[in-house]
Every structure is written in C-alpha cells, then in structure tokens.
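Because the structure is a prediction, the values reported are computed rather than measured.
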2 protein chains.
Amino acid sequence: MSLPHALLGLIRYRPATGYDLKNTFENSIHFFWNAALPHIYRTLKQMETQGWIVSNVEPGEGKPDRKVYRLTEAGEKEFLRWLSQPPENPEPRLPMLVKVFFARQMPVREFKEHLEKWRAHYAGLLEKYEKEVAAVIEQYSLRYDASEDACYWRLTLDYGIRQAKMVIEWCDHALEGLQTAATPPNGLDAHNPG
Amino acid sequence: MSLPHALLGLIRYRPATGYDLKNTFENSIHFFWNAALPHIYRTLKQMETQGWIVSNVEPGEGKPDRKVYRLTEAGEKEFLRWLSQPPENPEPRLPMLVKVFFARQMPVREFKEHLEKWRAHYAGLLEKYEKEVAAVIEQYSLRYDASEDACYWRLTLDYGIRQAKMVIEWCDHALEGLQTAATPPNGLDAHNPG
DNA sequence: CGAACCATGTAATTGGTTACATGATTGT
DNA sequence: ACAATCATGTAACCAATTACATGGTTCG
C-alpha cells in the first residue's frame, strides 16, 4: 500500500507532525490520495517501529506539544525503492456506476437527479482545481524550495482536470441519451405511470 | 458500501451461487466493481442473516452441491431503497499519481517506463472494452431477458472507454512534456550523470 | 496423469473510517 | 460564552485481500 510511502515522500521535504501531514494531504494531493487523521497517526507509529522515521517531541510553549517526525536513512532508501517499483493498476470501485448499471429499476426522473448531482460534484472539483490548486502549487514550490518538483505536481493536477472534464462530458452524454431515447411516449416516467 | 447491493442487483436477475456471482463480476462489471470470492461468500452470509436473501442447497449429481441464493421481498425493498439514495462521490487512491507527484526523485528514464506501463495497461483495457465487453452486453441482455437494461449497461461501458482514453491521452501528454522540457542539456538523465 | 474448472469455505491480516476523549488558544 | 483551530491519540468497527484447506469433474 502507498500511505506509508506518501507520508515518507512528504516528510522528506521537511519534518512534520501527523496533523501537518493531514493538512498537506487536504490542500495538495487530496484528489488522488487522502487519509483520515487516526489512520495517519497509526501508520506513523508503525513506520517508526520499522525504523523509517524517528520522532522528536517539541514542547509547545502555550500551544500543545508537537511530535515531529523526520526521515531516517532507511526511510529514504525505502522511499526510493518504492518509487522505482512499477505502478499498481487501480481497481476502481464506483458505487455510482453500479447504480447506472441497474438504473432500469428506478424512475428515470430519479436517475437524472443522480446524474446531475454527480455532474455538479465534478464541476465543483474542476473549478477548484483550475483556481485554487494551481495557486497552491506555486505557493508550495516556493515554501518547500522545490521549484524543480512543480512540473510533476502540475502533471497530477492536469490528471485531475482531465478526469473531472471526462466525467462531466460523460454525464452530459448520458443525460442527452435519456432526453431523446428513454422518455416514454406519454412523457411520464416508467415507475409512476398515470 | 455497495457490495451487498451490487450482489442484490445481480441476484435479482436470477438466483445464483457465490461462484456464479464472481464470474458475473469478472465478465460484466469488473471495470467499476470487483470482489474476491471470500469477500463474496462472507457478504452473502451476512445478507442472509439480514433477511435480504435466502439460500437453497441444490445437491449436485456428481458435481459439487450448489448453494443458490435468491432475493426475498426485504431484499428487493432494500435494493430499491439503495438505488434511490444519491450517489456517493468516490475518494480515489491512485498510487501511480503519488509516484508522479514525487517523480523528481527518480531517474527520468524510470519515470518514462512507469508512464509507458500505465499507458499499456489502459490501452489493453480499451481494446478489451471495445471488442469483448460490447459483445458480452448483447449476450447477457438476451440470456437474462433484459434488453431494456442494455442501454444502461452500455452507458457504464462508455464510461470505461472514456476513462481509458483519458488516461492514455494524459500519458501521451506527460511523455511529450518529458521529451522536450525535462531532458538535461547533455542528454543524460538527472540521477545518472556521466 | 496433470491442468483447469466447479464449488465450497475459514483464518489471518491489512487498509480505512467513525466515534470517542482530552485540553489549550485564538477569534467573534 | 461559543466556535474554530491546534494537537494528540485510543477503541471499535467495517471493507478487502491473501493464504490456506478440501474435494470432485472434465478435458487434453
């Protein structure tokens, strides 16, 4: 699995707490990876026993203490090893497509609502990617002194944008099809006749 | 989660064993949902205690016994209830994109190999979808007497095709970018100078 | 005679989410 | 006073994969 390796990659830029890492997930790579806080804390603990990272508690003056993790040499090595492994092919699980597959069993009106909600979700993502995320990439590439990395970050953003556009187009295509083909002659839907 | 509901939907067409259901997954909806056999067996057992399905052991003459599940009224009701719920938005986890994000840390040559492998995977899927799956849809719509469902099945297939094309185009775009921009002036890659 | 297919499952482990618990600081 | 943010985590649960175990049939 990739969570420990995603964490290694982020800690590599600079030492961080679990809380920091959650934030980084949220405003940088959340559109192709995310993790809940408890999951992150648990994974960090496992990584420490593996010897990939070490922690150091910084007493917070006034603020809560910070348990800051940094990479060990073993962690560095493991991260590079993982990077060089060929990519895993994802096995997608899309409940929405399961609903589409069985959509005959529901009123056409309801199915349209589903499609519109899905479309709206991806339209929202697309807007976010094109506005916010592009800006965040610039910001981070300065903060982490990683301007050479930025082109790869933009590549992942480009993936997100293409994905969102694809889904939006598919939704439009599906909605069009329903308009013309699936409407019963009398204009009422299949499950609420009369 | 959707596995029990995907199973309800399939059993609804006709009673089936866990083994049957695994096969149906494999050659119909595997590109947006899949499940391993043990997972299916366990889920079927849970669904039976919930009262959504009932089993009936058909002694196999010569062959192994078949434990055939069919829908109850409660199962039918639950399935339709689930269908009418608004779709869940997926939280994708794409280890490949994590590698892309950190790709600065690996030799360009290696990164290209990753991209080419990913591209090949989706090119393979695309071919499969366009040839095999389209045929399977026809075949199943006859076998299950479900010609009215076929247009929805085609919609999911269309999604798979668009997804595959999107990834292929993105890979090509990324590879192009590497050719022109990321090659060091001397033509050697960043991690193996000299 | 061996490989592939039919058909069942259990046990163990990993990966991920949700609910719960604590306590200080900052801003409205 | 109240909510939000910073910061830690534990416990319980659900979802999914992998390894293990069994045994008959059919086809080459």
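- If you measure from atom CD of B:Glu58 to atom P of D:dG24, you get 21 Å, rounded to the nearest angstrom.
- Contact annotation: A:Tyr19 side-chain N/O to D:dC6 OP1/OP2 distance is under 4.0 Å.
- Between A:His39 atom NE2 and C:dA19 atom C1' there is a gap of 17 Å when expressed in whole angstrom units.
- Scanning all heavy atoms of the two residues, the minimum distance from A:Ala74 to A:Gly51 falls at CB-O, 3.7 Å.
- If you look at B:Phe32 and B:Tyr159, their ring centroids are not closer than 6.0 Å.
- Atom CH2 in B:Trp33 sits roughly 10 Å away from atom C1' in D:dA16 (whole-Å rounding).
- Within 4.0 Å (heavy atoms only), B:Lys22 reaches no atom of the nucleic acid at all.
- A donor and an acceptor atom sit less than 3.5 Å apart, one in the side chain of B:Arg42 and one in the base of D:dA16.
- Taking every side-chain heavy atom of B:Ala36 into account, D:dT17 is the closest of C:dT8, D:dT17, D:dT8.
- B:Gln85 is listed as a side-chain neighbour of A:Lys99, based on a closest heavy-atom distance under 4.5 Å.
- Atom CG of A:Leu44 and atom C1' of D:dT10 are 15 Å apart (whole Å).
- The separation between B:Gln46 atom CD and D:dA16 atom C1' is 12 Å, rounded to whole Å.
- For the OP1/OP2 pair of D:dT10 and a distance below 4.0 Å, the side-chain nitrogens and oxygens of A:Lys45 include at least one atom meeting the criterion.
- Put simply, CZ on B:Arg66 is 16 Å from C1' on C:dG9, counting in whole angstrom units.
- One interatomic measurement links the two molecules: CG of A:Leu37 to C1' of C:dC20, which rounds to 14 Å at whole-angstrom precision.
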Which donor-acceptor pairs under 3.5 Å do the side chains of residues 117-128 of chain B make with protein atoms, sequence neighbours left out?
residue  : atom : partner  : partner atom : Å
B:Arg119 : NE   : B:Asp172 : OD1          : 2.6
B:Arg119 : NH2  : B:Asp172 : OD2          : 3.1
B:His121 : ND1  : A:Asn89  : OD1          : 3.4
B:Glu127 : OE2  : B:Lys131 : NZ           : 3.2

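- In this entry the distance linking CZ of B:Phe25 with P of D:dT17 reads 11 Å, nearest Å.
- Positionally, the nearest nucleotide of DNA chain C for B:Asp20 lies more toward the 5' end than for the other of B:Asp20 and B:Glu91.
- Between A:Lys67 and the phosphate of D:dG9, there is a side-chain N or O to OP1/OP2 separation shorter than 4.0 Å.
- When each of A:Leu7, A:Thr43, A:Leu37 is tested with A:Leu21 by the rule side-chain contact (heavy atoms from CB on, under 4.5 Å), just one qualifies, namely A:Leu7.
- Nearest nucleotide to the side chain of B:Arg93, out of C:dG16, D:dA16, D:dT18: C:dG16.
- Considering only side-chain N and O atoms, B:Thr43 lies nowhere under 4.0 angstrom from the phosphate OP1 or OP2 of D:dA15.
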